[in-house]
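Remember, it's a predicted structure, so these values are computed and weren't measured experimentally. Just so you know, these numbers use all the heavy atoms, side chains as well, and skip hydrogens, waters and symmetry mates. Every number for a ligand or one of its atoms is a count from 1 in the order of the listing.
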Amino acid sequence: MTYRELLDISLENRKNSYAPYSKVHVSASLLTEDGEIFNGVNVENSSYGATICAERSAIVSAVSQGYTKFKAIAISSNLEETISPCGICRQFILEFGSDIDVILGDENEEKVYKINELIPNGFLL
Ligand code: THU
């Protein structure tokens with residue numbers, strides 16, 4: 001599984017985003033260390049604060065099924081500019097490892113960051 005392929009899976013799964021309020025359709029595909037993939041999308045709610053982001057949705061799905069070792073997460077959206085994970089999602093990814101790769105981009109290009117670059121000196125217990 002290349003990071004290009006992981007980002008393509010994320011792009012494909014944007015169709016499952018539930019975003020009737022913002023119309024920002026976000027998708028995240030999480031690659032576990034043993035090669036499993038868990039997809040997540042943002043799921044919005046009439047009570048806006050109850051919304052869950054795509055990244056956390058993917059991680060919650062994986063952890064719920066017994067996976068906690070992650071290699072990478074690819075994130076995409078329907079916005080013209082490349083989406084970058086929000087602060088809460090950065091913290092949520094960091095929980096599972098400071099060297100997780102975060103792939104951002106679109107159909108034409110991808111950029112890879114380490115989560116600890118995106119949340120330097122993040123909080124961990
Ligand atoms: N959103 C995500 O899913 N991930 C992020 O990292 C940033 C924001 C969602 C939340 C909301 O449904 C929509 O994008 C607009 O904020």
Worksheet item: Protein heavy atom under 4.0 angstrom of atom 16 (O) of ligand 1, is there one?
Response: no

Practice prompt. Flag the pair F96 / I115 as yes when at least one side-chain heavy-atom distance between them is below 4.5 Å, and no otherwise.
Written response: no

Practice prompt. Look at atom 3 (O) of ligand 1 and say which protein heavy atom is nearest, naming residue and atom and giving the distance to 0.1 Å.
Written response: A54 N, 2.9 Å

Worksheet, complete the sentence: Of E44, R56, K23, the one whose closest heavy atom lies nearest atom 13 (C) of ligand 1 is E44

Fill in: Crowding at NZ, K111 (>12 non-hydrogen neighbours, <6.0 Å)
no

Fill in: Pair C53-V26, side-chain contact (heavy atoms from CB on, under 4.5 Å): steps then yes or no
CA-CA 8 Å; C53 292; V26 188; over 6 Å; no

Worksheet item: Do any N/O atoms on I52 end up under 3.5 angstrom from N/O atoms on ligand 1?
Response: no

Fill in: Contact atoms of ligand 1, heavy-atom distance to E55 under 4.0 Å
2 (C), 3 (O), 4 (N), 5 (C), 6 (O)

Discussion item. With respect to P85, determine whether any N or O atom, backbone or side chain, lies less than 3.5 Å from an N or O atom of ligand 1.
Written reply: no

Discussion item. Would T51 count as being in polar contact with ligand 1, using the rule that some N or O on each side must be under 3.5 angstrom apart?
Written reply: no

Worksheet item: Out of L31, L118, I93, which residue meets the side chain to side chain contact (heavy atoms under 4.5 Å, CB included) rule with I100?
Response: I93

Worksheet, complete the sentence: among protein heavy atoms, the one nearest atom 9 (C) of ligand 1 is N42 ND2, 3.7 Å

Worksheet entry | Close side-chain approach of S61 to N39, heavy-atom, < 4.5 Å | no

Fill in: Which segment of S22 sits under 4.0 Å of ligand 1 when only heavy atoms are counted
side chain

Worksheet item: Atoms of ligand 1 less than 4.0 Å from V26 heavy atoms?
Response: 1 (N), 2 (C), 3 (O), 4 (N), 9 (C), 14 (O)

Discussion item. Show, in sequence, the C-alpha distance, side-chain angles and deciding distance for V63 and F70, and conclude whether the side-chain contact (heavy atoms from CB on, under 4.5 Å) test is met.
Written reply: CA-CA 10 Å; V63 173; F70 308 129; 4.2 Å; yes

Discussion item. For atom 1 (N) of ligand 1, tell me which residue out of C53, S17, S57 has the closest non-hydrogen atom.
Written reply: C53

Practice prompt. Ignoring hydrogens and angles, state whether a donor on the side chain of N45 or T51 is under 3.5 Å from an acceptor on the partner side chain.
Written response: no

Worksheet item: Any chance CD1 of I88 has more than 12 other-residue heavy atoms, nucleotides or ligands included, within less than 6.0 Å?
Response: no

